[in-house]
**Student:** 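Sharing a structure with you now.
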Amino acid sequence: MRVNSGLRRVLLAGSSLAVVASMPSLAQEFPQGGTLRIGISQMAPSPDPVVTTFGTNWATAGVVCEGLFGLDETWTPQPMLAESFEYGEDGTTLTIVLREGLKFHSGAALTSADVVASLERFREAAGIGAAFKGTVDAITAPDERTVVFELASPSPIVPGLLAGTQAVIMSSASLEGASPTEATRGLDCTGPYVLTEYQPDQGVTMTRWEEYAARSEPTSGASGKKHAYANEIVFRLMPEASVRRDSLITGEIDIANELPSDFYDALQNDPNTEAVVVPNNQSLTVVFNTKEGVAADVNLRRAIYYALEMEPMMLASVGNPEFYTLDPSWIPDPNSFWYTTAGVPEGFGTPQPDKVREYLEASDYNGEPIRWLVASEQYQKHYLTAITASQQLEEYGITVEIVESPMANYIQARADATQMDAFSSFLPTYVDPTSIAYLNASYPGFWEDPEKLDLMQQIATTIDPDERKAIFEKIHTLAYDQFPFIKYGTEANMYGIRAGVGNPARVPARAGDYYNVAPPPQD
């Protein structure tokens, strides 16, 4: 563990993060008014983001609530409810001062006690909460505007962990009776919209809060000024993608989320709609069971990598070459500080038969079927990449058994090392490598390599950003030697908008920032 001059250079000046990245302002302002209607694919039983690890279920809280920090368009955490922050001289304490005069939708004043209550609950939650708990030993409130974090060791990752939707701040009164697994009765938060209706089988209504205290910095992702253009933001539950597309074309909704690329032409050919393509959205991947079973053989995993041709798999899954890139980085968005191609073998995406035969001979593989899980709700992407890969692997005598099941069963099965050898998955851009799920030894796949564990400990306790980037490049290189997971390429995201929608999101870091999107002009 090392604490060096980078500690002071990077972290001691609490306002410094606000100038780390350029913060683009909107090209134009839009008038307030109207209703922004958004078709969504799924909803959670509760809007409470703490009780679920599924990011798609955090959409409501992302509009209604705020945290101490928010991510800008380069995935850098910037102060939101925090006015300033400062690390102690040895890096084992972090002191945050709250902005003055903030209050919750209920009218109660925001104090440090609310922050402590919210984050004590968050640190007992699954997912990012577990990483936060492992980093922070204690949270105290010496006065009404000050929060002190006692860290297990010097760590630069706390602002990033606090920038996620699971770490939003709610009033302590609203948390009575709630727990990390028991949802709150509502969302009493500080954000630009108030939650006025939540029906899990129908949709959500959020109303602009006129007393919202916006920041003054230029807008960038979930940081800076939030404009709250719409009087109301409405989510309408529409599980079928074709229904969302048709509702957009007929004018029933203004935004249709999560549309397959084969809807592109229909939206572009309609004068009242636009297909918005957001590049560098997420990696399409397969994750292997490195703990036990046939895929625990590293030489078999190496043989599989060199047997795969990535272009046909991405084309089968996405359907249009304009919607993907054959980029090998485990960080999908090149705008991220962490983007790297370190350790990627020459000729990524092109089969190398000689290496396949070399590694198969070195392995203990005898033709056993590789049990490959896919989720039916993600049928196109999960199944089509898996079936294409199985056809390619069959040429080398590697057998794949595709196991399709509903999402709940898929999640349960992939967590059991005895029930699977591989599973199809996705990997978005994370704020910090320590948050990447695939690198957590408890994540399905169970990659517990000693060198990886040591490097993860190093990156979690090193302060200087350039040194941390060098450590991550070693982790990236190790992954491209042992192949606990394989990336096929980077997928774009597509959604649709009605003509006249102002300032739609066109970069990955802006996902869900509907408070900065203006409804089309109302008749």
Side-chain angles (χ1 to χ4, degrees), residues 26-28 30-43 56-57 59-60 62-63 193 197-208 227 229-282 315-324 376-381 384 491-508 510-523:
L26 296 179
Q28 68 178 100
F30 299 90
Q32 288 188 325
T35 298
L36 185 65
R37 305 161 301 171
I38 303 160
I40 61 174
S41 64
Q42 59 181 302
M43 287 180 61
T56 53
N57 294 334
T60 301
V63 174
Y193 287 84
E197 185 176 21
Y198 192 92
Q199 299 184 56
D201 59 344
Q202 296 184 39
V204 185
T205 300
M206 295 162 282
T207 304
R208 185 173 60 233
H227 294 265
Y229 290 122
N231 291 340
E232 282 189 334
I233 297 176
V234 175
F235 292 160
R236 294 185 180 175
L237 181 60
M238 299 176 171
E240 296 295 329
S242 59
V243 173
R244 297 196 296 277
R245 175 201 60 196
D246 295 343
S247 297
L248 182 71
I249 291 174
T250 59
E252 294 178 46
I253 58 176
D254 306 306
I255 297 177
N257 276 345
E258 300 176 77
L259 297 181
S261 59
D262 53 7
F263 291 175
Y264 179 83
D265 289 341
L267 297 183
Q268 291 300 86
N269 292 333
D270 188 299
N272 297 311
T273 63
E274 177 191 349
V276 180
V277 179
V278 181
N280 309 315
N281 182 58
Q282 63 183 4
L315 186 61
S317 173
V318 180
N320 186 331
E322 296 183 15
F323 289 83
Y324 65 82
S376 55
E377 286 87 342
Q378 298 288 351
Y379 187 81
Q380 182 184 39
K381 293 181 176 64
L384 292 178
E491 175 194 34
N493 176 46
M494 192 189 89
Y495 69 99
I497 62 173
R498 292 287 294 177
V501 168
N503 193 41
R506 299 185 186 274
V507 295
R510 281 196 55 202
D513 69 343
Y514 300 115
Y515 39 76
N516 288 328
V517 179
Q522 308 290 304
D523 294 332

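Numbers here are sequence positions counted from 1.
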**Student:** Name all residues meeting the side chain to side chain contact (heavy atoms under 4.5 Å, CB included) criterion together with Asn493; count only those two or more places apart in sequence or in a different chain, and write none if there are none.
**Tutor:**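 Side chain to side chain contact (heavy atoms under 4.5 Å, CB included) list for Asn493, sorted by chain: Val278, Asn281, Tyr495.
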
**Student:** Return the set of residues passing side chain to side chain contact (heavy atoms under 4.5 Å, CB included) with Gln282 (not counting sequence neighbours), or none when no residue passes.
**Tutor:** Leu284, Phe426, Glu491

**Student:** Around atom CD of Gln32, are there more than 12 heavy atoms of other residues, nucleotides or ligands at under 6.0 Å?
**Tutor:**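 It does: Gln32 CD has more than 12 such atoms within range.
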
**Student:** When you check the gap from the basic side-chain N to the acidic O, do Arg506 and Glu274 get nearer than 4.0 Å?
**Tutor:**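 Salt bridge present between Arg506 and Glu274.
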
**Student:** What distance do Ile40 atom CD1 and Thr60 atom OG1 have between them, rounded to the nearest 0.5 Å?
**Tutor:** 6.5 Å

**Student:** Counting N and O atoms only, with roles assigned by atom type, does the side chain of Ser261 sit under 3.5 Å from a partner on the main chain of Val318, one being a donor and the other an acceptor?
**Tutor:**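 Looks like yes, one N/O pair under 3.5 Å.
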
**Student:** Measuring only between side-chain heavy atoms, which start at C-beta, is Glu322 closer than 4.5 Å to Val277?
**Tutor:**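 Counting from C-beta outward, Glu322 and Val277 never come under 4.5 Å.
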
**Student:** Side-chain contact test, heavy atoms from C-beta onward, threshold under 4.5 Å: evaluate it for Phe30 versus Pro519 and give yes or no.
**Tutor:**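 Answer no - side chains too far apart.
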
**Student:** Under 3.5 Å, is there a donor-acceptor pair between the side chain of Glu258 and the main chain of Ala241?
**Tutor:** no

**Student:** Pick one: which of Asp254, Asn231, Ile253 meets side chain to side chain contact (heavy atoms under 4.5 Å, CB included) with Leu36?
**Tutor:**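 Answer after filtering Asp254, Asn231, Ile253: Asp254.
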
**Student:** Taking all non-hydrogen atoms of both residues, which atom of Gly500 and which atom of Pro521 are closest, and how far apart?
**Tutor:** O-CD, 3.9 Å

**Student:** Of the non-hydrogen atoms in Thr250 and Ser247, which two are nearest, and what is the gap between them?
**Tutor:**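 Reported closest heavy-atom pair: OG1-O, 3.2 Å.
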
**Student:** I'd like to check the side-chain hydrogen bond (donor to acceptor under 3.5 Å, both in side chains) partners of Tyr515; sequence neighbours left out, ordered by chain and number.
**Tutor:**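 In terms of side-chain hydrogen bond (donor to acceptor under 3.5 Å, both in side chains), with neighbours along the sequence ignored, Tyr515 is linked to no residue.
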
**Student:** Side chain of Arg244, backbone of Ala256: donor and acceptor closer than 3.5 Å?
**Tutor:** no

**Student:** Do Glu232 and Met206 have side chains that approach each other closer than 4.5 Å (heavy atoms only, starting at C-beta)?
**Tutor:**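 No - every pair of side-chain heavy atoms lies 4.5 Å or more apart.
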
**Student:** Compare all side-chain heavy atoms of Asn503 with those of Arg510 and state whether any distance is below 4.5 angstrom.
**Tutor:** yes

**Student:** Could you list the residues that satisfy side-chain hydrogen bond (donor to acceptor under 3.5 Å, both in side chains) with Glu197, not counting sequence neighbours?
**Tutor:** Gln199

**Student:** Within the 4.5 Å heavy-atom criterion, are Leu267 and Ile249 side-chain neighbours or not?
**Tutor:** yes

**Student:** Would you check if Thr273 and Arg498 make a side-chain contact, meaning some heavy-atom pair closer than 4.5 Å?
**Tutor:**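 Counting from C-beta outward, Thr273 and Arg498 do come under 4.5 Å.
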
**Student:** What distance do Ile255 atom CD1 and Arg236 atom CZ have between them, rounded to the nearest 0.5 Å?
**Tutor:** 12.5 Å

**Student:** Which pair of non-hydrogen atoms, one from Val276 and one from Ala505, has the smallest distance, and what is that distance?
**Tutor:** CG1-O, 3.6 Å

**Student:** Kindly give the heavy-atom pair with the smallest separation between Ala492 and Pro279, and that separation in Å.
**Tutor:**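 Minimum heavy-atom separation between Ala492 and Pro279: CB-CA, 3.9 Å.
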
**Student:** State the CG-CG distance between Leu384 and Leu315, to the nearest 0.5 angstrom.
**Tutor:** 10.5 Å

**Student:** About how many Å separate CZ of Arg245 and CG of Asp262, when rounded to the nearest 0.5 Å?
**Tutor:**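 Asp262 atom CG to Arg245 atom CZ measures 8.5 Å (nearest 0.5 Å).
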
**Student:** Taking all atoms of both residues into account, what is the closest heavy-atom pair of Pro200 and Leu237, and its distance?
**Tutor:**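 Nearest pair, atom of Pro200 first, then Leu237: O-CD2, 3.5 Å.
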
**Student:** If the condition is ring pair (Phe, Tyr, Trp, His ring centres under 6.0 Å), which residues does Tyr193 pass it with, not counting sequence neighbours?
**Tutor:**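 Expected list: none.
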
**Student:** Got a sec, which residues hit ring pair (Phe, Tyr, Trp, His ring centres under 6.0 Å) with Phe323, two or more places apart in sequence or on another chain?
**Tutor:**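 Ring pair (Phe, Tyr, Trp, His ring centres under 6.0 Å) check on Phe323 returns Tyr264.
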
